[in-house]
Amino acid sequence: MTDRAAVTEGPASTALERRFLLRERGTSLRTEVLAGTTTFLTMAYIVLVNPAILGQAGMPVAAVAAATCFAAAFASILMGMVANVPLALAPGMGLNAYFSFTVVQQMGIPWPVALGCVLISGVCFLILTLTGVRQLIVSVIPSHLFAAVAGGIGLFIGFIGLRNAGIVVASPATLVTLGPLTQPGAALALLGLLLIAMLSIWNVRGAMLIGIVVTTAVAWMTGQVTVKPEPYSLTMLTETAFRIDLPGVFGAGGRHGLGLFEILFVFLFVDLFDNIGTLVAVTKRAGLIDAAGRIPGLNRILLTDAVATMVGAVAGTSTVTSYVESAAGVQAGGRTGLTAIVTGLLFLLMMFVAPYAQLVPLAATAPALIVVGGLMLLPLAEVKWDDPLAAIPAFLTVAMIPLTFSIANGLAFGITAHAILKAARGQATRADWFLFLLAALFVARFVWMGAA
């Protein structure tokens, strides 16, 4: 049997072995490159899906595509260099939907102002990490709500995909109903969904990306997409880069009352939830969690995420977060930061063709949203559904996120219900003061919304 830890000889490989602890973690340069490529293939769909979502907020699709690649490249390379973990990052699914559909379209906040909120949330994340407050926040959120938030966001993303495909449409009688599946958009989306599902059960790497590309090709061949090539250069990134409107952030907060707090809360806490859940899943599979159940270098990982979110906002995209697809690279043998660096370099190369993502129709990206949404339901298995203290807050969180089109509402209902039920059961202690503070703030928010 070939020893995976046996790296090739040479000064370069020796330096990499020492820098990234290849031999200590039982891996090799070749394995890390293959793992990084695998991770890239499993999450490259974000280059097509993120611009499609943010484009509906009025952002220039080509520029968002380039910004997506740049943010993913910067964040993943930084994670590999600073934290030495096989964790790749990119603009997060769920948060981009909240950015586009809730903040911009429902609340009427211009996208440059929304980018300012993303930047401020990154600064807040950085401060919370440096001061250790994040430990207090994490400690008061029960594990079943972490799982419920992930599941609720999954349903939210899946619903958006079904809506974009025309499979689910509005109905005056039942709010939503099944759309006409014979329409070109719905038929294309179902074709893409079937293809991605089949490739996934056959364990084909890059199944989502392949499904999007094939569905797009079918759309072109059937005349559903009009291809109009336009001159392109990387300078198109300037259409979103440095377009942040920070003065408008505080103006938006004044016009919308608690709106600014709500936006920052969701960006910050969902990013926190995503990171903790992804970190535990990926590092556990990679065998990097120590005997005490701690994640080595956790502060460096969270600091990297905070910096990545700020840089991503400046480039012109929604919150950057850790990707659970990193587990695919770990499954392929990735154990060090080299895996994340390889993924980042591939995203960097993708920048040269990324803007042509605007040629991909919504019907082609919708299947990826549906599949990703379904995969995000896995954490719900961790909820103790036979315990009302866990089941009721978890259900409210899962249900309210997609049904109200708001992650904030799901978080509010879940945390408030957990606090009330915990007090009713007589299990509340002085250590739960921050939990009840959050619940009180949410109740005040509901009262304010009702009076508005």
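- Distance check, rounded to the nearest 0.5 Å: CG of L95 to OG of S318 gives 7.0 Å.
- S100 contributes a side-chain N or O that, together with a main-chain N or O of I53, makes up a donor-acceptor pair within less than 3.5 Å.
- T317 contributes no side-chain N or O that, together with a main-chain N or O of T68, makes up a donor-acceptor pair within less than 3.5 Å.
- Side-chain atoms of Y323 come within 3.5 Å of backbone atoms of P91 as a donor-acceptor pair (strictly under, hydrogens ignored).
- Nearest heavy-atom pair, T309 versus V320, reported as atom, atom and distance to 0.1 Å: OG1-O, 3.0 Å.
- In this structure, the side chains of L128 and L268 come closer than 4.5 Å at one or more pairs of heavy atoms.
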Practice task
Determine, stepwise, if the pair T174 / T177 fulfils side chain to side chain donor-acceptor pair (under 3.5 Å).
Solution key: CA-CA 7 Å; T174 59; T177 189; 4.6 Å; no
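- Side-chain N or O atoms of S76 include one that pairs as donor or acceptor with a backbone N or O of L89 at under 3.5 Å.
- Here the side chains of V314 and F242 are in contact, with some heavy-atom distance below 4.5 Å.
- A distance-only check finds no donor-acceptor pair linking the side chain of R163 to the backbone of V169 [under 3.5 Å].
- Checked against the 6.0 Å centroid threshold, F405 and F159 count as a close aromatic pair.
- Minimum interatomic distance between M351 and C69 (heavy atoms only, all atoms of both residues): CG-CB, 3.3 Å.
- Taking 4.5 Å as the limit, every side-chain heavy atom of L21 sits out of range of all side-chain heavy atoms of T336.
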Exercise for the section: For side chain to side chain contact (heavy atoms under 4.5 Å, CB included), just list the numbers for I301 and M79, CA-CA rounded to whole Å, side-chain angles, deciding distance to a tenth of an Å, and then say yes or no. Expected result: CA-CA 7 Å; I301 295 172; M79 182 66 74; 3.7 Å; yes
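- Closest non-hydrogen pair, I153 versus M93, comes out as CG2-O, 4.2 Å.
- Residue pairs meeting the ring pair (Phe, Tyr, Trp, His ring centres under 6.0 Å) criterion with at least one partner in residues 48-92, sequence neighbours excluded, do not occur; the list is empty.
- A 4.5 Å side-chain heavy-atom check between I415 and F442 finds at least one atom pair inside the cut-off.
- Judged by distance alone, the side chain of N84 and the main-chain N or O of G337 form a donor-acceptor pair under 3.5 Å.
- Put simply, the side chain of F40 does not reach to within 4.5 Å of the side chain of V342, judged on heavy atoms.
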Practice task
List the steps and the verdict of side chain to side chain contact (heavy atoms under 4.5 Å, CB included) for L193 and I167.
Solution key: CA-CA 12 Å; L193 180 60; I167 297 174; 5.5 Å; no
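- For the atom pair T343 OG1 and M43 CE, the distance stands at 7.0 Å (nearest 0.5 Å).
- For W385 (side chain) and F395 (main-chain N/O), no donor-acceptor pair under 3.5 Å exists by modelled atom type.
- A donor and an acceptor atom, one from each side chain of S28 and T31, are located under 3.5 Å apart.
- Judged by distance alone, with hydrogens and angles left aside, the side-chain atoms of E325 form no donor-acceptor pair with the main-chain N or O of T39 at under 3.5 Å.
- Closest of all the heavy-atom pairs between A368 and I212 is CB-CD1, 3.8 Å.
- The shortest heavy-atom contact between T365 and A52 is OG1-CB, 4.0 Å.
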Problem - From CA spacing to verdict: side chain to side chain contact (heavy atoms under 4.5 Å, CB included), R30, L34 - result: CA-CA 6 Å; R30 177 178 179 274; L34 291 175; 3.7 Å; yes
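- Among I46, T319, V64, the one residue that satisfies the side-chain contact (heavy atoms from CB on, under 4.5 Å) test with N96 is I46.
- For the atom pair NE2 (H144) and NE2 (H418), the distance works out to 5.0 Å, reported to the nearest 0.5 Å.
- A donor-acceptor pair is defined here as one N or O able to donate and one able to accept, closer than 3.5 Å; such a pair exists between the side chain of T240 and the backbone of A315.
- In terms of modelled atom types and a separation under 3.5 Å, the side chain of T397 and the main chain of L411 share no donor-acceptor contact.
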Practice task
Report the C-alpha separation of I109 and V104 in whole Å, then their side-chain angles, then the decisive distance to 0.1 Å, and conclude whether the side chain to side chain contact (heavy atoms under 4.5 Å, CB included) test is met.
Solution key: CA-CA 5 Å; I109 294 178; V104 177; 5.6 Å; no
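- Pairing each heavy atom of A148 with each of A394, the nearest pair is CB-O, 3.6 Å.
- Between V49 and M208 there is no side-chain heavy-atom pair separated by less than 4.5 Å.
- Within the 6.0 Å centre-distance limit, the rings of F413 and F446 are counted as a close aromatic pair.
- Residues P110 and D245 fail the side-chain proximity criterion, which asks for heavy atoms closer than 4.5 Å.
- Here the straight-line distance linking atom CG of L362 with atom CD of Q56 works out to 5.0 Å at 0.5 Å rounding.
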Exercise for the section: Walk me through it: do E32 and T27 pass the test side chain to side chain donor-acceptor pair (under 3.5 Å)? Expected result: CA-CA 7 Å; E32 293 295 299; T27 185; 2.8 Å; yes
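- Two residues are said to be in side-chain contact when any heavy atoms from C-beta on lie closer than 4.5 Å; F99 and F267 meet this criterion.
- The OH atom of Y45 lies 9.0 Å from the CG atom of L369; values are rounded to the nearest 0.5 Å.
- Within the model, atoms OG1 of T215 and CD1 of I196 stand 6.5 Å from one another, a figure rounded to the nearest 0.5 Å.
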